[in-house]
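Encoded as structure tokens, the structure appears first; notes follow it.
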Amino acid sequence: MERFFGDIDRYLFHRGTHYELYNKMGAHIREVNGVRGVHFVLWAPNARAICVISDGNGWTPWRDVMEKVDDSIWELFVPGMCEGVKYKYLVVRADGSEVEKIDPYAYRTELRPHNASVVADLERYKWGDNAWQKAQKGANFLEKPMAVYEVHLGSWKKDTWKQDEDQYLDYRRLAHELCDYVKWMGYTHIELMGICEYPFDPSWGYQVTGYYAPTARYGAPDDFMYFVDHMHRNGIGVILDWVPAHFPKDDCALANFDGTPLYEYADPLRAEYPEWGTKAFDLGKKEVSNFLIASAFFWVEKYHVDGLRVDAVAAMLYNSFGREQWRPNVNGGNENLESFEFFRHLNSVLRNRTHAFLIAEDSSIIAGITKPAQKGGFGFGLKWNMGWMNDSIKYYILDPVYRPWHHHLMTHTLEYIFDENYMLVLSHDEVVYGKGSMVNKFPGNKMDKLGSLKTCYTMMIGHPGKKLLFMGQDFAQEREWNFKTSLDWHLCDDEGHRDVLLCYRTLLHIYSSYPVLYNDCGGKNTFEWINSGDCNRNIFTFIRRNPWNYNNALVFVCNFAPVERWEMGVGAPVEGVYKRIFSTYPDGSPLEIQTVEELCDGRKYKLVFNLRPFESVIFEVPYKESTPEEQKKEKSVRAKIKKEHKEATNDFSHVPETAASGQTAESAPAKPKRAAANKKSASGKKAGLKK
């Protein structure tokens with residue numbers, strides 16, 4: 001019988017460039033000589049023997065024995081087996097012991113506490129998101145709005161009418177209810193925690209056992225396809241959390257798979273992350289690297305997701321991460337050069353072959369995370385701005401009387417914000433483990449807290465970078481997040497909490513309506529301080545603008561003090577009538593203010609108005625016809641942006657022998673350049689690392 005996993009498959013797999021590996025490895029329904037059945041393919045070079053046990057053969061060992069077709073690949077065709085059959089591999093390991101293993105490439109799994117793999121057909125679902133997919137091709141996501149709603153599906157909302165203990169909404173019901181909410185709010189994307197299958201609920205999905213299977217907690221693969229499809233049909237992008245750093249030690253999964261450290265490092269100084277009690281992927285093996293790269297392609301190609309947020313990037317970049325003893329690299333440093341090459345390879349080929357991109361959850365001080373590989377970077381689309389998050393929260397928890405001495409915590413980020421493509425995040429990490437909710441980070445009484453939170457969100461929307469907010473924080477959830485229970489939606493019936501919700505909703509719609517707020521391609525010329533040193537009043541004033549003039553620009557005034565400022569003076573970039581389009585106070589009706597020709601904040605003109613306690617306002621700068629010089633500059637900037645986007649999406653400099661380019665890049669990665677302190681928090685300490 002002709003081998004299903006042929007010579008070309010083996011060649012590409014062992015080279016680490018089989019990007020559609022998910023179509024061959026694992027369990028696949030096919031027809032051989034007129035007989036339908038399931039074909040199994042498994043990589044286990046050091047196993048002595050392997051058989052498939054399933055409910056199709058009564059879980060009887062050695063009825064369906066796999067054949068080793070080369071020095072590492074095992075195959076078996078089982079006639080008559082069909083979709084829905086549960087199965088495992090019974091592996092005789094190198095030392096002669098036997099262990100039952102789930103399929104690393106399984107498309108579907110049982111609901112925990114059971115863990116068998118399940119034969120699934122992913123070709124049956126009929127997608128209806130062609131318009132969305134077409135719109136994404138060739139588009140530059142940096143020029144589009146991206147306001148992300150981070151969601152844990154199991155605790156977003158519970159189904160109290162279900163009789164099972166989990167009370168989860170399923171993927172299809174979530175598709176409609178969640179989509180309706182995010183559309184109404186004005187979010188552009190959702191980011192899903194914990195979709196790749198995982199056995200342990202308190203890990204929230206960050207200890208993965210199924211890199212090719214959506215968790216069975218909320219339904220079947222077709223149901224998750226429906227979820228993504230429905231989001232796309234309604235104009236909502238979908239981002240998944242993805243964990244290529246480590247995996248759990250469960251005997252049924254990847255750990256010690258064939259009796260040897262196959263997916264993990266054999267070196268005891270690199271094999272584990274002691275802090276998490278998990279195994280570290282050995283990215284020096286091409287087959288392991290290919291396993292993960294193909295997983296990334298799988299979610300994009302089979303489930304149409306728009307991006308992957310890569311968890312724990314710093315852990316992958318440093319051999320010393322969380323380890324008292326660690327193995328230096330060939331240059332004597334603590335950088336994991338294999339991870340460098342892995343990210344450059346994956347980002348380069350994914351950006352070139354699809355519209356998707358990766359987002360780095362990274363707290364390292366290594367420069368170039370979002371620069372193209374051909375320019376010495378890693379090629380990520382975006383990087384979480386952990387420094388902004390840490391510094392902002394340090395400022396928020398202070399009593400306003402002490403904030404003047406810590407004003408730099410809010411301004412420091414602008415010294416480096418344009419060095420990378422950043423996403424500002426107030427994620428789930430900031431509302432767990434005793435950190436409380438966002439609203440309770442602020443001092444004062446309840447009204448002070450709610451007012452401060454609205455000003456916090458206003459400054460976040462005005463700050464350069466894409467945006468992410470964890471669920472519940474948009475209506476000022478008071479208790480910290482608990483994955484076991486639903487969000488406290490009843491709080492939206494309270495006037496103060498509903499006001500926060502409506503305030504953030506208004507901000508999201510403003511964000512998506514003004515290109516100066518979401519187009520992150522213009523560089524440092526898109527942000528301009530009016531007064532970055534107004535520390536004694538706890539006020540921040542700045543302008544978001546396009547790089548060539550002030551047309552469609554916005555002026556932000558953010559007051560973090562419980563003090564009213566009568567006849568507040570703010571420097572204005574041009575003369576004319578400014579329209580107040582937003583206030584954090586619910587009675588903040590539109591207001592038009594004529595500039596006064598008087599020196600203020602180093603500018604010729606100023607605006608004069610009253611600013612209430614903890615109030616933030618946004619003014620629209622009056623429109624002026626562009627001069628010929630400004631039109632010429634605009635044309636130049638747009639041409640530069642187009643060129644940079646083309647370079648980023650046509651970068652094969654770190655892809656070894658791809659089918660698309662035929663190029664090779666076998667040279668070892670250069671030692672990374674160190675960034676200055678701008679990648680640290682303003683306090684000089686390294687940004688917090690995710691557990």
Side-chain angles (χ1 to χ4, degrees), residues 141-151 156 177-192 231-232 234-239 306-307 359 382 384-385 388-389 392 422-428 430-431 437-439 450-477 487 489 491-492 496-520 526 542 544 552-558 579-586 588 590 615-620:
F141 65 90
L142 293 174
E143 293 185 295
K144 294 183 175 183
M146 187 178 293
V148 181
Y149 185 58
E150 187 188 21
V151 183
W156 181 69
E177 296 193 19
L178 185 55
C179 182
D180 288 347
Y181 179 72
V182 298
K183 278 187 69 177
W184 178 79
M185 280 295 293
Y187 293 103
T188 64
H189 293 71
I190 57 171
E191 181 179 316
L192 302 180
M231 289 295 173
H232 284 174
N234 285 274
I236 305 298
V238 180
I239 300 167
D306 304 285
I359 303 169
L382 293 165
W384 276 21
N385 195 335
W388 171 85
M389 176 191 70
S392 296
Y422 279 112
M423 175 178 281
L424 307 185
V425 293
L426 294 173
S427 73
H428 68 273
E430 305 316 306
V431 293
S437 62
M438 279 302 303
V439 69
L450 294 174
S452 297
L453 186 63
K454 289 186 289 183
T455 283
C456 154
Y457 290 159
T458 306
M459 188 142 184
M460 179 181 179
I461 290 295
H463 194 291
K466 306 305 185 186
K467 325 296 178 187
L468 178 144
L469 186 66
F470 184 56
M471 64 181 194
Q473 309 316 305
D474 47 7
F475 61 78
Q477 169 126 342
L487 296 180
W489 290 103
L491 289 176
C492 294
H497 290 271
R498 187 170 61 252
D499 180 40
V500 174
L501 182 72
L502 295 176
C503 173
Y504 194 63
R505 178 176 184 263
T506 301
L507 285 169
L508 289 175
H509 284 272
I510 290 173
Y511 169 73
S512 294
S513 301
Y514 287 85
V516 294
L517 294 179
Y518 63 73
N519 191 332
D520 293 331
T526 62
F542 57 89
R544 292 305 311 276
N552 303 309
L554 298 174
V555 171
F556 282 74
V557 182
C558 300
K579 181 180 179 181
R580 187 181 69 185
I581 63 170
F582 172 79
S583 168
T584 52
Y585 276 68
E615 182 180 20
S616 285
V617 295
I618 305 174
F619 291 97
E620 190 177 59

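One distance of note links SG of C456 with OH of Y504; it measures 9.0 Å at 0.5 Å rounding. To the nearest 0.5 Å, atoms OG (S427) and CD (E191) are separated by 8.5 Å. We find the CD-CD1 distance between E150 and I190 to be 11.5 Å, quoted to the nearest 0.5 Å. Between the CG atom in L426 and the CE atom in M389 there is a gap of 8.0 Å [rounded to 0.5 Å]. Separating the CG atom in L508 from the CG atom in L517 is a distance of 11.0 Å, to the nearest 0.5 Å. One finds the NE2 atom of H463 at 8.0 Å from the CZ atom of F542 (value rounded to the nearest 0.5 Å).
The heavy-atom pair separating W184 from H509 by the smallest distance is O-NE2, 3.3 Å. When all heavy atoms of V431 and S437 are compared, the pair lying nearest together is CG1-CA, 3.9 Å. The two residues S583 and E615 have their closest heavy-atom pair at OG-OE2, 2.6 Å. For the residue pair A476 and L491, the shortest heavy atom distance occurs at O-CD1, 4.2 Å. Considering every non-hydrogen atom in both N234 and C179, the closest pair reads CB-SG, 3.4 Å.
Counting only heavy atoms from C-beta outward, the side chains of I618 and L507 approach each other to under 4.5 Å. At a threshold of 4.5 Å between non-hydrogen side-chain atoms, the residues T458 and V617 do not count as touching. In this structure, V425 and E430 have side chains that are not in contact, with every pair of non-hydrogen atoms separated by 4.5 Å or more. Using a 4.5 Å cut-off on side-chain heavy atoms (C-beta onward), Y149 and I236 make no contact.
If you check the side chains of E620 and Y514, you find a donor sitting under 3.5 Å from an acceptor.
Applying the side-chain contact (heavy atoms from CB on, under 4.5 Å) test between M185 and each of L469, L501, L502 identifies L501 as the sole match.
Side chain of T584 to main chain of S616: a donor-acceptor pair is present (N/O by atom type, distance under 3.5 Å, no hydrogens or angles). With H189 contributing its side chain and V148 its backbone, the two residues share no donor-acceptor pair below 3.5 Å. Of the possible polar contacts, none joining the K466 side chain to the M146 backbone as a donor-acceptor pair under 3.5 Å is found. A distance-only check finds a donor-acceptor pair linking the side chain of R498 to the backbone of C492 [under 3.5 Å]. A donor-acceptor pair under 3.5 Å links the side-chain atoms of T188 to the main chain of A147, judged by distance alone. The main-chain N or O of G462 is found under 3.5 Å from a side-chain atom of R544 such that the two form a donor-acceptor pair. Counting only distance, with no hydrogens or angles, the side chain of D306 and the backbone of I239 share no donor-acceptor pair below 3.5 Å. Under a 3.5 Å cut-off, the side chain of R505 and the backbone N or O of G186 do not form any donor-acceptor pair. With hydrogens and angles disregarded, no donor-acceptor distance shorter than 3.5 Å links the side chain of W156 to the backbone of G472. At distances below 3.5 Å, not a single donor-acceptor pair connects side-chain atoms of S512 with backbone N or O atoms of P145.
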side-chain contact (heavy atoms from CB on, under 4.5 Å) evaluation trace for T526 with N519: CA-CA 9 Å; T526 62; N519 191 332; over 6 Å; no
side-chain contact (heavy atoms from CB on, under 4.5 Å) between M460 and W388, worked out: CA-CA 10 Å; M460 179 181 179; W388 171 85; 3.9 Å; yes
side-chain contact (heavy atoms from CB on, under 4.5 Å) between L453 and Q473, worked out: CA-CA 9 Å; L453 186 63; Q473 309 316 305; over 6 Å; no
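The aromatic rings of Y181 and Y187 are tilted relative to each other, their planes meeting at an angle between 30° and 60°. Taking the six-membered ring for Trp and thresholds of 30 and 60 degrees, W489 and F475 have ring planes inclined between 30 and 60 degrees apart.
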